[in-house]
Amino acid sequence: MAHQVHAYHMVDPSPWPLTGAVGALLLTSGLAIWMHFHDMTLLALGLILLLLTMYQWWRDIIREGTFQGHHTPPVQKGLRYGMILFITSEVFFFLGFFWAFYHASLAPTPELGGCWPPTGITPLDPFEVPLLNTAVLLASGVTVTWAHHSIMEGHRKEAIQSLALTILLGFYFTFLQAMEYYEAPFTIADGVYGSTFFVATGFHGLHVIIGSTFLAICLLRQVLYHFTSDHHFGFEAAAWYWHFVDVVWLFLYISIYWWGS
Amino acid sequence: MAGRLLLRACTTTLQLRSSVLAPLHRSMATVRGIPTDEEQATGLERRTLQALKQGKDPYSILKPKHYAGTKEDPHIVPGIGTKRLVGCLCEEDNTAIVWFWLHEGEAQRCPSCGSHYKLVHHELPH
């Protein structure tokens, strides 16, 4: 029986922060070992530990919130603040790569031929696959909003369909971008153009995969009746993250693909 | 042609949906498959939502009610024991909080600004 007089969640002791920290240590040291001695053991161990940590930590949160009812309105408010702060930190992460791009491209050095794109670089046509990718992500923003409204209005079937469509569009983007990477006439080793292009779009692609995974978990939870019409913050967090990914793409498209071509 | 096929698919789906859903008459609030908090909330979340619906706030989620703080209208302080810590912001924007123990019984006054506070006993929510 509960004996607290407040609405906050005093979380039970958990081993996952420790396993996560150990996993992070193995990943970082493993990366260094792999780079110098070509051995992937530590890296693989770290990855497995990290994946296990994420799975069990978030599974526990679902148990605490959905099955045990610990996510009262104040607790939910805290989770909202948390997600917003996290996304803000990710914005700053991408800001750095945009800074690098504009630093290199606004005043191209003589080594590049004093021009942007640099001499010898044939940039991708912004009105071909990149434009399709823009349409795909914008459409996925519409479908995820459709899914949200379906949940709020209690339409189970519509919610499942629109959420599934959102995830499919995400996969389509990833597939198209992978094709573009394969067919591109330049590589990451092609000077500062290659570096800025592939690091910025590469991290964005990683975030698309992360966002798609988050949405897929939400789809599973929706099918399993976890969400109610008023309380579905996991889904809202995934939708916020997805919109963020979409906005980053728009900036990438305008800056690197279009202006930078 | 694709446009016409799409249109036909849409209208067929709409017709099917309305013909299938009409006979399904549910007495619960879930009309189209997604549960409501009323049906599915559990534990502390359920208790807070039910209490708020009845106008009660046993877990102090909302801002405390405003009182004049006079002898006739003292600040009502809910408590589960015989005493509770009170922090008085004598004036708005004060940075120094005046802390004191409020005991059950007669109303006490803030040692700094003299506002009246009265402890009112509440049962431990469970």
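- In terms of heavy-atom pairs under 4.5 angstrom with chain B, the leader among Glu153(A), His71(A), His232(A) is His71(A).
- Scanning all heavy atoms of the two residues, the minimum distance from Thr48(B) to Ala7(A) falls at CG2-CB, 4.4 Å.
- With a threshold of 4.5 angstrom between heavy atoms, Phe227(A) approaches chain B through N, CA, C or O but not through any side-chain atom.
- Ranked by heavy-atom pairs under 4.5 Å with chain B, the first of Gly65(A), Pro73(A), Pro74(A) is Pro74(A).
- Looking only at atom types and distance, the side chain of Trp16(A) has a donor-acceptor partner in the side chain of Asp60(A) under 3.5 Å away.
- Looking at Gln222(A), only its side chain comes within 4.5 Å of chain B, counting heavy atoms on both sides.
- Judged by the 6.0 Å and 45° rule, Arg84(B) forms no cation-pi pair with Tyr117(B).
- Neither side chain, His66(B) nor His75(B), offers a donor N or O lying under 3.5 Å from an acceptor on the other.
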